[in-house]
Amino acid sequence: EDDDEEEEEESDGCRILIGKEVNELMGRSTSGGNDLYQWGEYDPGCAAINPLKLTIGLANALERWGVRIYEGTKLTSLEKTNAVADESS
């Protein structure tokens, strides 16, 4: 039965990575013994994002398209064609 479980894990592409492999995948230098990651798991059917970098990237793209971003503004309504903000703040 253990052999069946191992075959199933191998067939879906998931595998355990050593620290050097993880550091290389994450774009970190593996020279000098400064490996941040000690081990990891590779799953080709899964992805992860950095929420802060995604938010900053989206904001930068929107501003390049001419969208104005208002921080700390209370949104009073949202319509399909425009947003209406509380002008008192």
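Residues: numbered from 1 along the sequence shown.
- Applying the side chain to side chain donor-acceptor pair (under 3.5 Å) rule to Arg64 yields no partners; only residues at least two apart in sequence or on another chain are considered.
- At least one side-chain heavy atom of Glu63 sits less than 4.5 Å from a side-chain heavy atom of Asn60.
- Closest of all the heavy-atom pairs between Pro44 and Gly13 is CD-O, 3.4 Å.
- Across every non-hydrogen atom of Val22 and Gly40, the tightest pair is CG2-N, 3.5 Å.
- Checked by atom type and distance alone, the side chain of Glu21 pairs as donor or acceptor with a backbone atom of Ile18 at under 3.5 Å.
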